[in-house]
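So that the names make sense, note that chain A is the first sequence line, chain B the second, and so on, each numbered from 1.
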Protein chains: 2
Amino acid sequence: MLAYTTMPTQLRSNGIDHPIVPLPFGPAHLQQISFFDPGCEIYAQGEKAGNIYQVEFGAVRVYRLLADGRRQISAFCLSGEVFGLEDDANHHFFAEAITGTSLRLFPRSKFGDISQELFSLTLRSLTRAQEHLLVLGRQTAVERVAAFLLDLAERQGGLEQVELPMSRMDIGDYLGLTIETVSRAFSKLKDNGIIALPTLRSAEIKKWNALQAMSE
Amino acid sequence: MLAYTTMPTQLRSNGIDHPIVPLPFGPAHLQQISFFDPGCEIYAQGEKAGNIYQVEFGAVRVYRLLADGRRQISAFCLSGEVFGLEDDANHHFFAEAITGTSLRLFPRSKFGDISQELFSLTLRSLTRAQEHLLVLGRQTAVERVAAFLLDLAERQGGLEQVELPMSRMDIGDYLGLTIETVSRAFSKLKDNGIIALPTLRSAEIKKWNALQAMSE
DNA sequence: CGACTGATTGACTATACTCAACTGCGGTGG
DNA sequence: CCACCGCAGTTGAGTATAGTCAATCAGTCG
């Protein structure tokens with residue numbers, strides 16, 4: 001549950017990392033790199049928002065909580081992806097490392113003008129959130145899981161082997177489902193031969209077309 | 001179902017409009033104003049995205065469709081609010097006027113640099129979408145309707161009289177519910193004395209605290 | 001090897017959906 | 001001005017999907 005400023009080498013490779021495209025803004029000497037253990041908090045709701053974060057390797061969940069503990073994960077961030085953009089001085093969300101995670105920090109205050117790149121990243125986040133609204137508002141459990149797997153597969157380079165750094169609980173809280181329903185949806189896809197589940201934390205897409213059809 | 005470039009005067013006042021804050025970017029001579037009849041399409045999914053739109057008066061729904069016709073409304077836009085921001089050359093969503101609506105158009109191509117204001121608007125849209133994820137993913141039907149009414153009330157200036165320019169179908173497609181469930185939720189809130197429904201297209205908030213409590 | 005945690009499966013329940021009947025508001029025409 | 005019509009909305013009954021609670025299984029780490 002600690003953040004490091006030196007790199008614990010055993011964290012370097014977890015199978016799902018690939019070369020990232022560094023963010024094109026901000027002078028390099030202003031960028032700081034930090035390491036987070038699994039479960040480690042990156043920022044909390046209400047905290048002052050000062051940085052933008054890019055994942056070097058690892059995975060991050062960004063989420064909100066209701067008073068009674070219900071949780072909605074709004075995004076998983078993988079290598080090369082960016083989070084921490086807020087419309088306010090304070091964070092409205094929590095961010096936590098899922099696995100051992102390395103982050104590149106960009107202090108907002110040090111930016112001069114808003115770059116076209118930063119704007120594009122924000123628009124991409126917006127589109128992603130809006131697409132996810134369709135999933136949560138209008139899709140069944142199996143459709144949500146199918147769409148989730150396709151999304152992850154695409155973000156990991158389109159390989160059929162998909163790594164799942166997050167728990168079933170995380171997936172449920174992302175898809176608006178319980179862990180049992182997530183599990184049943186995985187089982188159904190497996191029973192139909194559409195996916196295989198070689199380990200708990202990976203999936204193999206066997207029938208892309210069928211999965212695509214299920215996600216609509 | 002038509003768009004005008006002159007103003008049909010009978011559309012001017014529908015009770016929910018208040019003075020808007022004009023967008024602070026773009027020279028005035030580049031801004032164009034258009035009028036849309038109820039149900040009129042403003043843009044379609046796949047269409048080339050060239051403009052940003054600000055609502056002068058009226059109301060707009062922005063939505064996506066699944067192949068089988070299931071619809072998810074990602075946002076309702078009221079006076080002063082902005083939509084049409086896309087991360088791509090083409091629109092990913094549909095936008096339609098709900099009531100008679102006047103829009104101020106800002107051609108993207110005519111902007112020079114990305115202004116701080118435009119960036120802020122985008123971040124606000126992003127936060128709004130992410131907050132809505134929590135509603136769709138983790139709240140019950142009554143909680144969704146309560147949150148919806150509070151949100152509308154706040155955006156209309158915090159008055160207890162809330163105008164509902166959209167149909168129950170629209171509300172359902174925004175909240176991920178059927179019209180029947182929306183109707184039952186309204187009735188439950190009414191039966192508990194939390195709201196009144198003077199007409200089909202308006203609601204009166206009687207017990208703010210109770211409504212707030214129901215929305216969590 | 002054993003204990004612990006996370007995941008799966010099963011049985012039952014609750015919430016929201018579907019289908020259908022009915023109500024009432026709003027608009028039109030006599 | 002009132003009566004009628006049509007459609008949006010409401011209400012009811014039955015169903016289906018996902019949630020809850022509980023038991024079992026599997027993978028991980030001492």
Worksheet item: Considering residues, nucleotides and ligands other than B:D191, do more than 12 of their heavy atoms fall under 6.0 Å from its CG?
Response: yes

Practice prompt. Check the surroundings of atom CD in A:E47: do more than 12 heavy atoms from other residues, nucleotides or ligands lie under 6.0 Å from it?
Written response: yes

Discussion item. For a quick check of understanding: with a heavy-atom distance under 4.0 Å over all strands, which category does A:G176 fall into, base, sugar-phosphate or nothing?
Written reply: sugar-phosphate

Rounding to an integer number of Å, can you tell me how far [X] [atom1] sits from [N] [atom2]?
{"X": "B:L177", "N": "D:dA18", "atom1": "CG", "atom2": "P", "result": "14 Å"}
{"X": "B:M169", "N": "D:dC7", "atom1": "CE", "atom2": "P", "result": "14 Å"}
{"X": "A:R168", "N": "D:dG27", "atom1": "CZ", "atom2": "P", "result": "12 Å"}
{"X": "B:R70", "N": "C:dC17", "atom1": "CZ", "atom2": "P", "result": "12 Å"}
{"X": "B:D173", "N": "D:dG9", "atom1": "CG", "atom2": "C1'", "result": "15 Å"}
{"X": "A:L175", "N": "D:dT17", "atom1": "CG", "atom2": "C1'", "result": "16 Å"}

Fill in: Salt-bridge present (A:D151, A:R128; N to O < 4.0 Å)
yes

Worksheet item: Is A:E81 paired with A:R155 through a side-chain N to carboxylate O contact shorter than 4.0 Å?
Response: yes

Provide a list of protein-nucleic acid N or O atom pairs under 3.5 angstrom, restricted to nucleotides 21-28 of chain C.
none

For residues 118-126 of chain A, which side-chain donor-acceptor pairs fall under 3.5 Å, sequence neighbours excluded?
residue: A:S120; atom: OG; partner: A:Q116; partner atom: O; Å: 3.1
residue: A:T122; atom: OG1; partner: A:L118; partner atom: O; Å: 2.8
residue: A:S125; atom: OG; partner: A:L121; partner atom: O; Å: 3.3

Worksheet item: Does one side chain, of A:H91 or A:Q45, offer a donor that lies under 3.5 Å from an acceptor on the other?
Response: no

Worksheet item: For the helix from C:dC1-D:dG30 to C:dG30-D:dC1, how many degrees between its two end axes (five pairs per end), to the nearest 10°?
Response: 30°

Worksheet item: If you take all heavy atoms of A:G100 and A:P38, which pair is closest and at what distance?
Response: N-CG, 3.7 Å

Practice prompt. Ignoring backbone atoms, establish whether A:T178 has a side-chain N or O less than 4.0 Å from OP1 or OP2 of D:dG19.
Written response: yes

Worksheet entry | Interatomic spacing from CZ in A:F57 to CG in A:L103 - rounded to 0.5 Å | 9.0 Å

Discussion item. Contact between A:V55 and A:F83 at the side-chain level, heavy atoms closer than 4.5 Å - yes or no?
Written reply: yes

Item to complete: Identify, residue by residue, the members of residues 179-196 of chain B with a heavy atom below 4.0 Å from DNA chain C, and return them in order of residue number, or none.
Response: B:E180, B:T181, B:R184

Using atom types as modelled, flag every donor-acceptor pair under 3.5 Å from a side chain in residues 62-75 of chain B to any protein atom, sequence neighbours excluded.
residue: B:Y63; atom: OH; partner: B:E96; partner atom: OE2; Å: 2.6
residue: B:R64; atom: NH1; partner: A:E131; partner atom: OE1; Å: 2.3
residue: B:R64; atom: NH1; partner: A:E131; partner atom: OE2; Å: 3.2
residue: B:D68; atom: OD1; partner: B:R70; partner atom: N; Å: 3.2
residue: B:D68; atom: OD1; partner: B:R70; partner atom: NE; Å: 3.2
residue: B:D68; atom: OD2; partner: B:R70; partner atom: NE; Å: 3.0
residue: B:D68; atom: OD2; partner: B:R70; partner atom: NH2; Å: 3.2
residue: B:R70; atom: NH1; partner: A:R138; partner atom: O; Å: 2.8
residue: B:R70; atom: NH1; partner: A:E143; partner atom: OE1; Å: 2.9
residue: B:R70; atom: NH2; partner: A:E143; partner atom: OE2; Å: 2.9
residue: B:R70; atom: NH2; partner: A:E216; partner atom: O; Å: 3.2
residue: B:R71; atom: NE; partner: B:D173; partner atom: OD2; Å: 2.6
residue: B:R71; atom: NH2; partner: B:D170; partner atom: OD1; Å: 2.7
residue: B:R71; atom: NH2; partner: B:D173; partner atom: OD2; Å: 2.9
residue: B:Q72; atom: NE2; partner: B:D173; partner atom: O; Å: 3.1
residue: B:Q72; atom: NE2; partner: B:Y174; partner atom: O; Å: 3.0
residue: B:S74; atom: OG; partner: B:V62; partner atom: O; Å: 3.4

Worksheet, complete the sentence: So, with a heavy-atom separation below 4.0 Å from DNA chain D, the residues of residues 129-149 of chain B are none

